[in-house]
Amino acid sequence: MDDAAGDAAAARDNPYLADSLFARNARPTTHTPTTSVLDNDKGNGHNALTGKPLSDGYFAILETRRKLPVHEARAELLSHLAAHQVLVLVGETGSGKTTQVPQFLVDAGYNAVACTQPRRVAALSVAKRVAVEMDVPLGGPVGYSIRFDDRSTPETVLKYLTDGMLLREAMSDPDLRHYAAIILDEAHERTLSTDVLMGLLKDVLRRRPDLKLIVMSATLDAGKFQDYFAGAPLMQVPGRVFPVGIKYTPRPVDNYVDAAVEQVVRIVAAEPPGDVLVFLTGEEEIEEACKRIRDDVRALPPPACTYAVDVLPLYSSLPPAKQQRVFERAPPPRTPGGVPGRKVICSTNVAETSLTIDGVVYVVDTGFSKQKVYNPRARVESLLVSPISRASAKQRAGRAGRTRPGTCYRLYTESAFASELKEATYPEILRSNLGNVVLQLKKLGVVDLVHFDFMDPPAPETLMRALELLNYLGALSDDGELTKLGEHMAELPLPPELSAALLASVDLGVSGALLTISAMLSATANIFLRPKADRVRADSARRAFEHPDGDHLTLLRTFTAYTSVGVDGGDVNKWCWENYLNSRALQSASSVRSQLARLVARLRPGTRAGADDAALPAVELDDRVRRALLSGFFMQVAHREGGKAVGYLTVKDHQKVALHPGCGLSRSPDWVMYNEFVLTKRNFIRTVTEVRGAWLVEIAPHYYDLSNFPEGTAKEDLKVLYKRKERKDARDAAEQRERREKRAHKDKGKGKKKHGSSSRS
DNA sequence: GAGCACTGC
């Protein structure tokens, strides 16, 4: 089928296209958009933004731009925007909305436009493309802004940026006065940042009648956005995709991995040429499926067993070079003129939104993915294999129709699709720990969080948990007001516990070490590699970095060793490889560390932040680092429970946990703090470091308050620790009194000084 | 004696 047929199919599915691009709530308007080079072939032949003559390439690209479906909607879009503050635009894949709509606005005279993207690569690559389309240098009139990379200048009129970045900007510019128009793209993905931005913008729009907002989404769920921004007109533009036939299984399958492998083998054996994309849930499952598909294809009866098939895994932790393989051409036929080869790609959800693979004609959809869930009662986020939503199923199917008509095999029944799958995936804000979100909102000046206008309000318990956490950390006062500490914490791109620990480390003179540990904990990928074939050597390589007191200190040692290799002029990548370390992860830790160091230096001027711990003796350093960490993680502490089999109970919650097998502690101390609670078949705590009981009652007496502490051995130990502390405090006070008296005696002899020691009663 | 879906600041 050709392009036109695909468009026709898309048009049939489009309820608005038949009569008008105008949708519900569309109002007549007298506004006439200004004419522009988009209407006239040459305009005055000069670029309005740079004053330079337009290149020939510009006009060539202009021709293709005019053919994009969204171009038809331009005049209506602009007139809507002249009459309304908010517009909801639905445009499916291939409509051109992401590249064209921002240009329509610039062209119509909006001189400061922001367009958000959920992902960095998207912001960057779209900005590059649009700079070419507009015939301007990147970083000039068109720029982008993403973490670690800001390519925008005062002359930038159109900026693509991540949603998280716009949220950051809002912290210093709460009314977003910098912008005349804001476009929230991919709003249907409902990322945490986009959801917070929508709530925020609702208020900003009231304060700034001149500001325009376009919410762009890919699904017909757009009615929800329209309701949220009451009265906003809704427009829809068709996509440019090919039809995809849907096939369901007649009966539910027992095991979706088995079923997926069988389906792929059937396609390879009997269907016309074309690549296959299989959606599975995780790395382990994918590697297993790949192996079985290879084996089963080889076991097919001739001639199918001779077909050229490349079976490739795809998930984000895969090294980039291996990821790249999915974009290479399918293998050639085994014999000249024989059956064309094909790629079979077994992928996680990366292939649903983040990566687009052209040439896929068959999609095998297992109907599952790993999703984050948050349990506020247990205060634990975990990943669960869960059924996908209908929106997600449609997105997956669409991946089969990017270059020609395709087929999607859904490994579930049609009635399951209709009645068991949810319409849309729960937005992230309903599935997350909101500690950071609450901190950000407070920083943005939102006083009443319970009544903040979230599109989907989180459970009150989740908000309570977040408020409680921030109060314990000292970021919020008992009245719920942001403290000075809280303001500083909000500036740091870290979980609140880690921000608190990092800021505490400045006062303890060990911020250099805490910057490193924070950066290492921010690296999502595992630092220590452990290839299956090479486990023994990988483990012994790791042991060289291990610190007996715990994993946090091991991370510190590892990073320190890593940076010294570079300083000594060694080959860092080679060194990482030899030591079974993930050089990509270490590199990203290094960028995070630099960013954090800049921020801390700005927040705490006059301190030697980042360079304060070099001269400390090792034992003193280790103690102070652990005390700094504990200032943020005193709520993530477990106590050893005696008996034969050593186990741990988390404080207060009394959850039974075990040290994660990857943990490097050489003994089983009474008290440990942990970075992460992992919920799988058993409860594990991961990244664990020994702490002294005495530190708990010293650093966090407000949390280790025995009047509301559950009974148990931890409480008994704490009682002893408090008694000891009392005695020590009494001793210290007596000593101090003695010293004071001696000094007073001396001073009397010498005569009085101007600034005597202030006596407190 | 286990395991990292995917983003983002």
Side-chain angles (χ1 to χ4, degrees), chain A residues 116-123 145-150 161-172 186 189-197 279-287 314-318 347-355 366 368-373 381-386 388 392 395 425 427-429 431-432 436-437 439-440 443 489-496 498-499 518-519 522-532 535 539 582 585 588 591-592 595-596 598-599 645 657-664 676 678-687:
Chain A
T116 68
Q117 295 295 318
R119 283 168 292 277
R120 284 194 268 177
V121 272
S145 177
I146 60 181
R147 189 181 188 181
F148 308 127
D149 193 6
D150 179 6
L161 74 181
T162 48
D163 47 9
M165 207 57 168
L166 186 60
L167 206 50
R168 286 275 148 196
E169 289 189 1
M171 283 185 189
S172 51
E186 315 288 2
E189 288 193 27
R190 303 292 309 277
T191 66
L192 265 181
S193 297
T194 294
D195 267 20
V196 172
L197 278 171
F279 284 103
L280 290 155
T281 68
E283 171 177 346
E284 202 182 338
E285 205 173 85
I286 285 167
E287 295 293 355
L314 180 63
Y315 41 87
S316 73
S317 61
L318 203 66
S347 174
T348 61
N349 258 3
V350 265
E352 195 181 299
T353 45
S354 304
L355 294 173
T366 57
F368 288 94
S369 70
K370 277 191 189 169
Q371 286 164 36
K372 184 171 72 181
V373 288
E381 275 181 353
S382 48
L383 282 175
L384 272 185
V385 173
S386 323
I388 60 168
S392 190
Q395 177 75 17
T425 312
E428 203 183 354
I429 201 159
R431 299 182 285 118
S432 306
N436 242 337
V437 168
L439 189 60
Q440 280 175 349
K443 173 84 181 172
M489 284 168 58
E491 295 282 343
L492 298 171
L494 293 172
L498 210 47
S499 295
S518 311
S522 299
T524 45
N526 216 338
I527 301 278
F528 301 99
L529 298 174
R530 205 159 174 260
K532 267 197 189 100
R535 283 202 173 157
D539 289 347
N582 184 341
S588 94
S591 341
V592 172
Q595 186 193 26
L596 293 174
R598 275 195 305 276
L599 289 167
V657 294
L659 302 185
H660 195 273
C663 158
E676 215 181 346
V678 189
L679 190 84
T680 48
K681 280 174 198 150
R682 294 166 63 194
N683 294 335
F684 288 104
I685 49 178
R686 196 158 54 187
T687 314

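Note on naming: letters A, B, ... go to the chains in the order of the sequence lines (proteins, then strands), and numbering restarts at 1 for each one.
Taking atom CZ of residue A:Phe528 and atom C1' of nucleotide B:dG3, one finds them 16 Å apart after rounding to whole Å. In this structure, CG of A:Leu314 is placed 12 Å from C1' of B:dC6, rounded to the nearest angstrom. The interatomic distance linking A:Leu197 (CG) with B:dT7 (C1') rounds to 15 Å, in whole Å. At whole-Å resolution of the value, CD in A:Glu287 and P in B:dC4 are 15 Å apart. Distance A:Leu318 CG to B:dA5 C1': 14 Å, rounded to the nearest Å. We find that CD1 of A:Ile685 is positioned 16 Å from P of B:dG1, with the value rounded to whole Å. For A:Asp150 and B:dC9, the CG to P distance is 11 Å, given to the nearest whole Å. Note: NZ (A:Lys443) to P (B:dC9) measures 18 Å, nearest angstrom.
Of the side-chain N and O atoms in A:Arg120, one or more sit less than 4.0 angstrom from OP1 or OP2 of B:dC9. The side chain of A:Ser193 places no N or O atom within less than 4.0 Å of a non-bridging phosphate oxygen (OP1 or OP2) of B:dG8. A close approach under 4.0 Å does not occur between any side-chain nitrogen or oxygen of A:Thr281 and OP1 or OP2 of B:dA5.
A:Arg686 comes within 4.0 angstrom of the backbone, heavy atoms only, and of no base. Backbone-only contact: A:Thr162 has heavy atoms under 4.0 Å from sugar-phosphate atoms and none from a base. Counting any heavy atom pair closer than 4.0 Å across all strands shown, A:Ser369 reaches no nucleic acid atom. Across all strands shown, A:Arg147 has heavy atoms under 4.0 Å from base atoms, whether or not it also approaches the sugar-phosphate. Residue A:Leu492 is out of contact with every strand shown, counting any heavy-atom pair closer than 4.0 Å.
Residue A:Val350 places its side chain closer to B:dC6 than to any other of B:dC4, B:dC6, B:dG1. Between B:dC4, B:dG3, B:dC6, one nucleotide has an atom nearer to the side chain of A:Leu383 than all others, and that is B:dC4. Checked against B:dC6, B:dG3, B:dT7, the side chain of A:Arg119 finds its nearest nucleotide in B:dT7. Here the side chain of A:His660 is nearest to one of B:dG3, B:dC6, B:dC9, namely B:dG3. The nucleotide whose nearest atom lies closest to any side-chain atom of A:Ser316 is, among B:dC6, B:dA5, B:dA2, B:dC6. The side chain of A:Arg168 lies closest to B:dC9 when the candidates are B:dA2, B:dC9, B:dC4.
Side-chain atoms of A:Thr194 never come within 3.5 Å of backbone atoms of A:Thr191 as a donor-acceptor pair (strictly under, hydrogens ignored). Within the 3.5 Å criterion, the main-chain N or O of A:Glu491 finds a donor-acceptor partner in the side chain of A:Arg168.
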Derivation of the side-chain hydrogen bond (donor to acceptor under 3.5 Å, both in side chains) call for A:Lys372 and A:Ser432
CA-CA 7 Å; A:Lys372 184 171 72 181; A:Ser432 306; 3.2 Å; yes
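In the interface, the side chain of A:Arg535 is paired with the base of B:dG3 through a donor and an acceptor atom under 3.5 Å apart.
The nearest heavy atom of DNA chain B to A:Gly282 and to A:Phe684 marks one nucleotide each, and the one closer to the 5' end goes with A:Phe684. Each of A:Val678 and A:Gly662 lies near DNA chain B, and the nucleotide nearest A:Gly662 is the one positioned closer to the 5' end.
Contact annotation: the side chain of A:Thr348 never approaches that of A:Leu314 to less than 4.5 Å [non-hydrogen atoms, C-beta and beyond].
What you find for A:Ile286 and A:Ser347 is that their closest heavy atoms are CD1-C, 3.6 Å.
Taking a 6.0 Å sphere around CD of A:Glu676, one finds it holds more than 12 heavy atoms contributed by other residues, nucleotides or ligands.
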